[in-house]
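Since the structure comes first, as structure tokens, the remarks are kept for the end.
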Amino acid sequence: MTRPKSARCAIVIPARFASTRLPGKPLVDILGKPMIQHVVERAREVAGIDVVLVATDDARVTQVVEAFGAQCMMTSPDHPSGTDRLVEVMSTIEADIYVNLQGDEPLVRPEDVALLVAGMQADPSIDVGTLCHPLPANEASNPNSVKVVLANNSNAIYFSRSPIPYPRDATRATYLKHVGVYAYRRRVLENFSALPQPMLEEAEKLEQLRLLAAGYRIRVFKVAPTGPGVDTPECLERVRAILSGKPEPLSSTLAQIKLVITDVDGVLTDGGIYYDATGECLKRFHVRDGMGIRMLEESGIRVAVVSGRDSPTLRKRMDDLRASFTMFGVKDKAAACIALMAQAGVTAEETACIGDDSIDLPAFEVCGLSFAVNDAPDYVKRAAGRSLTLGGGFRAFRELADKILIGSGKETFIKTARGYNTLMANMGQ
């Protein structure tokens, strides 16, 4: 049997300078080098590659890339996706196979990309190739982890942000996480821009669904679980720690959380304080936040309410909701969080906190996961590392409670009548 002739292959690394969560992302320093240089160096280690090229929309990236001796191409700033940027590169760089390798993946393994390239070269019938790895069941509900299901020949059947397959029998369901590295035949890229966007792509915001809807075959190659990419300052610190060989910064997943510590004013309330004629302090709470506290408690996740203030109104509200722990008049929230973890018998990695102002910053530093309400100051959001979409007093705590229940695989309590009925007797608002 005659082996197919090896196709000429180019790795293209899209590197946009603008990033909402991490401005100037391609040029952030990691151990004395810009991040884009780490990605280029790993791309150069991939076997069977003829060209490694950075495609950017900013002269600052071009200057840095050329300074460390790599090839760079200026492309339009108006491309809606990395694939569209790849199409522009194709008009200048001649190849049979183009690999789209993201510029925010400094931990990418060259052997994974080499597996992808070799698979494409060995089977000319493959239109597009990509990667996947096993995903724990408790992470399957995370919409930021794109799942893929495969046919027996390892071609993709569908990609989704939802858990696929649906776990009607959870003991038998297994999941594969899509890794966003693609290899394209030239003929596919030549037609990409003319393909209509199907409803599936518009709904899921996944451009690979455009290719599936058009009938292209996407072969998916399985690899070992991959390291984190760089999307946020927190991700950046994790990558720095991994590459330097140091212990990773404190990090947790929603599935680990056993204790949730919440502020009151500005989180469970809108921050307003009202006094009646007698001087009694009145506050506005939201019933859905109360339901969130009870749902967490009834599902085995304990809640601690920590406030810098104290009032009969606040104590009455907490008595109604029966949170496991309450602390009022607190000034040092870090010390309070550490004491609460000891009381609950949990670790920092098993603890999440939510706040809205500077008084909460010390708490963020000692808890595994930290969240800021949407109307918190920007510097508080940056310190927390994670922001909610809702504001204090307007269901922000409920939003977090839902995230934790879903991330812990307990979404039936909030999404189905049967699940809710198991908690109903002890619920409250």
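A pairwise comparison of heavy atoms in P124 and R187 identifies O-NH2, 3.5 Å as the closest pair. The shortest non-hydrogen separation linking G129 to L116 is C-CD1, 3.4 Å. Across every non-hydrogen atom of A156 and L212, the tightest pair is O-CD2, 3.8 Å. Residues L209 and P198 share a closest heavy-atom pair of O-CG, 4.0 Å. Closest approach of S307 to D263, counting heavy atoms only: CA-OD1, 4.4 Å. Closest approach of A323 to V303, counting heavy atoms only: CB-O, 3.7 Å.
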Requested in this report: Go through the steps for Y182 and T83 under the test side chain to side chain donor-acceptor pair (under 3.5 Å), then give the verdict.
Outcome: CA-CA 9 Å; Y182 294 93; T83 307; over 6 Å; no

- Message: Walk me through whether R217 and N155 qualify under side chain to side chain donor-acceptor pair (under 3.5 Å).
- Response: CA-CA 6 Å; R217 294 177 291 274; N155 283 352; over 6 Å; no

(request) Test side chain to side chain donor-acceptor pair (under 3.5 Å) on E297 and S324 and set out the steps. (result) CA-CA 8 Å; E297 289 279 359; S324 288; 2.9 Å; yes

Q: Begin from the C-alpha positions of I301 and V260 and carry the test side-chain contact (heavy atoms from CB on, under 4.5 Å) through to its verdict.
A: CA-CA 7 Å; I301 299 168; V260 179; 4.0 Å; yes

Let's go through L101 and V39 carefully: what are the C-alpha distance in whole Å and the side-chain angles of both, what is the deciding distance for side-chain contact (heavy atoms from CB on, under 4.5 Å) to 0.1 Å, and is it a yes or a no? CA-CA 8 Å; L101 179 60; V39 181; 4.0 Å; yes

**Prompt:** Is there a side-chain contact (heavy atoms from CB on, under 4.5 Å) between L200 and Y158 once you walk through the steps?
**Reply:** CA-CA 10 Å; L200 296 174; Y158 191 65; 3.8 Å; yes

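The side-chain heavy atoms of V223 and E111, taken from C-beta on, include no pair separated by under 4.5 Å. You'll find the side chain of S145 stays beyond 4.5 Å of the side chain of Y175, heavy atoms only. By the 4.5 Å heavy-atom criterion applied to side chains, V181 and Q102 are not counted as neighbours. Side-chain atoms of I13 and V52, non-hydrogen and from C-beta on, do get closer than 4.5 Å to each other. Counting only heavy atoms from C-beta outward, the side chains of V113 and P110 never approach each other to under 4.5 Å. In this structure, the side chains of L131 and V220 stay at 4.5 Å or more apart for every pair of heavy atoms. Inter-residue side-chain proximity for T130 and H178 is flagged as met; some heavy-atom pair is nearer than 4.5 Å. Residues I11 and V46 are in side-chain contact: their nearest non-hydrogen atoms beyond the backbone lie under 4.5 Å apart.
Residue pairs meeting the ring pair (Phe, Tyr, Trp, His ring centres under 6.0 Å) criterion with at least one partner in residues 62-113, sequence neighbours excluded, are absent. Residue pairs meeting the side-chain hydrogen bond (donor to acceptor under 3.5 Å, both in side chains) criterion with at least one member in residues 54-66, sequence neighbours excluded: D58-R60.
A salt bridge is defined here as a Lys NZ or Arg NE, NH1 or NH2 lying under 4.0 Å from an Asp or Glu carboxylate O, and R161 with E204 fails to meet this definition. Comment: E298 engages R294 in a salt bridge, judged by a side-chain N to carboxylate O separation of less than 4.0 angstrom. Between D402 and R398, at least one side-chain nitrogen of the basic residue sits less than 4.0 Å from a carboxylate oxygen of the acidic one, meeting the salt-bridge criterion. Taking 4.0 Å as the cut-off between side-chain N and carboxylate O, R186 and E190 count as a salt-bridged pair. Salt-bridge check for K25 with D104: passed, with a basic side-chain N closer than 4.0 Å to an acidic carboxylate O.
D96 places a side-chain N or O within 3.5 Å of a backbone atom of R8 that can act as its donor or acceptor partner. The main-chain N or O of I126 is found under 3.5 Å from a side-chain atom of R185 such that the two form a donor-acceptor pair. When atom types are taken as modelled, the side chain of D270 and the backbone of G392 share no donor-acceptor pair closer than 3.5 angstrom. When atom types are taken as modelled, the side chain of D123 and the backbone of S125 share a donor-acceptor pair closer than 3.5 angstrom. Within the 3.5 Å criterion, the main-chain N or O of F364 finds a donor-acceptor partner in the side chain of S370. A donor-acceptor pair is defined here as one N or O able to donate and one able to accept, closer than 3.5 Å; such a pair exists between the side chain of T351 and the backbone of T347. Side-chain atoms of R42 come within 3.5 Å of backbone N or O of V108 as a donor-acceptor pair. Side chain of R85 to main chain of P77: no donor-acceptor pair is present (N/O by atom type, distance under 3.5 Å, no hydrogens or angles). Distance alone, capped at 3.5 Å, places no donor-acceptor pair between the S387 side chain and the F371 backbone. Although no hydrogens or angles enter the test, the distance criterion places a donor-acceptor pair under 3.5 Å between the side chain of D360 and the main chain of D357.
One distance of note links CD1 of I36 with CD1 of I30; it measures 10.5 Å at 0.5 Å rounding. To the nearest 0.5 Å, atom CG of residue L206 and atom NZ of residue K147 are 9.5 Å apart. Between the CG atom of D84 and the CD atom of E207 there is a distance of 7.0 Å, given to the nearest 0.5 Å. Atom-to-atom distance recorded for R395:CZ and N374:CG is 11.5 Å, nearest 0.5 angstrom. Taking CG from L390 and CZ from R288, the interatomic distance works out to 10.0 Å, rounded to the nearest 0.5 Å.
Side-chain contact check for T389 and E399: at least one donor-acceptor pair (N or O, by modelled atom type) lies under 3.5 Å. With hydrogens and angles left out, the side-chain atoms of S154 and R219 include no donor and acceptor closer than 3.5 Å.
Residue-environment remark: NZ (K258) stays at or below the threshold of 12 foreign heavy atoms within 6.0 Å.
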